[in-house]
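The structure displayed is predicted, hence computed values, not measured ones.
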Amino acid sequence: MGTPKRRLAVLSSHLLPTGPAPSSSSSGVSASFCAQQRLSHSQESGHENDCVFCKIIRGESPAVKLYEDDTCLCILDTNPLSLGHSLIVPKSHFSCLDATPPSVVAAMCAKVPLISNAIMKATDADSFNLLVNNGAAAGQVIFHTHIHIIPRKARDCLWTSESLRRRPLKIDQETSQLADQVREKLSNICECSSKGQESSLS
């Protein structure tokens, strides 16, 4: 999976983009078969066989499990950015967050308060980052949905972008157009969802 320094660079790339993402061949990041063969945003038959997380779920690869239920499990990251860095992983194979059913995302997120509280107490951390890298440009390396819980302590300097001065949002025509476009897309998605539900009920 690369060195901890490289993993930090990949994870923080979404916070402080510095240009185009390096190709996997030159980055030193070793991606799973799932990352190399991503064909669609649906549950992909066959790809679970070589997925790192699927192997852990099936008991074929070792992992330090912290929590497990019928829908998901939580494991310690094998290349942690901080002590207690953990991953919540669904037991079914979905390539990315937007391919994961809302019920599965809800089940994963419902465990965050319980698991993060235990991790913070065990590591004497006072905060944590909840992070999802969704897609290659956002730093996703293993294409099986997962949520990072990264324990934090004051002045740990984990993210270089935290020292950057943030600029206030400009309320201008460009911002207004962006908001209109997002609202339109949301409206279209909601209409499609409700039509699908109506047709399944009739």
For Ile189, which fellow cluster members are found when Ile, Leu, Val, Met, Phe, Trp and Tyr are connected by side-chain heavy-atom distances below 4.5 angstrom, either directly or through intermediates?
none
Residue pair Val105 / Phe94, side-chain heavy-atom distance below 4.5 Å:
no
Taking all non-hydrogen atoms of both residues, which atom of Ser82 and which atom of Ile150 are closest, and how far apart?
OG-CG2, 3.5 Å
Flag, side chain of Asn129 to backbone of Leu131, donor-acceptor distance under 3.5 Å
no
Could you grab the distance from atom CD of Glu68 to atom NZ of Lys65, nearest 0.5 Å is fine?
4.0 Å
When every non-hydrogen atom of Leu97 is compared with those of Asn134, the smallest separation belongs to N-OD1, 2.7 Å
Quick one, Thr145 with Met108, criterion side chain to side chain contact (heavy atoms under 4.5 Å, CB included). Give me CA distance, side-chain angles, the key distance, then yes/no.
CA-CA 10 Å; Thr145 299; Met108 294 168 66; 4.1 Å; yes
Hey, does the side chain of Thr175 reach the backbone of Lys170 with a donor-acceptor pair shorter than 3.5 angstrom?
yes
Using the rule that two of Ile, Leu, Val, Met, Phe, Trp, Tyr join whenever any of their side-chain heavy atoms come within less than 4.5 Å, decide whether Tyr67 and Val64 are in one cluster.
yes
Minimal non-hydrogen separation, His85 against Asn79, with atom names:
ND1-O, 4.5 Å
Contact between Leu66 and Ile75 at the side-chain level, heavy atoms closer than 4.5 Å - yes or no?
no
Main-chain N/O of Thr123 paired with Lys153 side-chain donor or acceptor, under 3.5 Å:
yes
Do side-chain atoms of Asp77 reach the backbone of Ser86 as a donor and acceptor pair under 3.5 angstrom?
no
For residues 113-121, run the donor-acceptor check on the side chains, cut-off 3.5 Å, and write out each pair with its distance to 0.1 Å, sequence neighbours left out.
unit_1, atom_1, unit_2, atom_2, d
Ser116, OG, Val112, O, 2.6
Ser116, OG, Pro113, O, 3.4

CD of Glu60: more than 12 outside heavy atoms within 6.0 angstrom?
yes
Would you list the pairs meeting side chain to side chain donor-acceptor pair (under 3.5 Å) in which at least one residue belongs to residues 176-186, sequence neighbours left out?
Asp180-Arg183
So which heavy atom on Ala107 is nearest to which on Cys72, and how close?
O-SG, 4.5 Å
For a quick test of reading the model, state the closest non-hydrogen atom pair linking Lys91 to Asp70 and the distance between them.
CD-O, 3.6 Å
Note: Ile57 and Pro90 closest approach over all heavy atoms is CD1-O, 3.3 Å
Grouping I, L, V, M, F, W and Y whenever their side-chain heavy atoms are under 4.5 Å apart, do Val182 and Ile171 come out in a common cluster?
no
Does Cys109 form a side chain to side chain contact (heavy atoms under 4.5 Å, CB included) with Ile147? I'd like the steps, not just the answer.
CA-CA 9 Å; Cys109 290; Ile147 300 173; 4.1 Å; yes
If two hydrophobic side chains count as joined below 4.5 Å and joins carry through other members, does Ile88 share a cluster with Leu83?
no
For the pair Phe53 and Leu87, evaluate side chain to side chain contact (heavy atoms under 4.5 Å, CB included) and give the outcome as yes or no after the intermediate values.
CA-CA 10 Å; Phe53 292 153; Leu87 307 171; 3.7 Å; yes
Please test His144 against Val89 for side chain to side chain contact (heavy atoms under 4.5 Å, CB included), starting from the C-alpha separation and ending with a verdict.
CA-CA 8 Å; His144 180 129; Val89 182; 3.4 Å; yes
Gln140 side chain to Val132 backbone, donor-acceptor under 3.5 Å
no
For the ring pair His146 and His148, is the centre-to-centre distance below 6.0 Å?
yes
Working to the nearest 0.5 Å, report the span between CG of Leu169 and CZ of Arg166.
10.5 Å
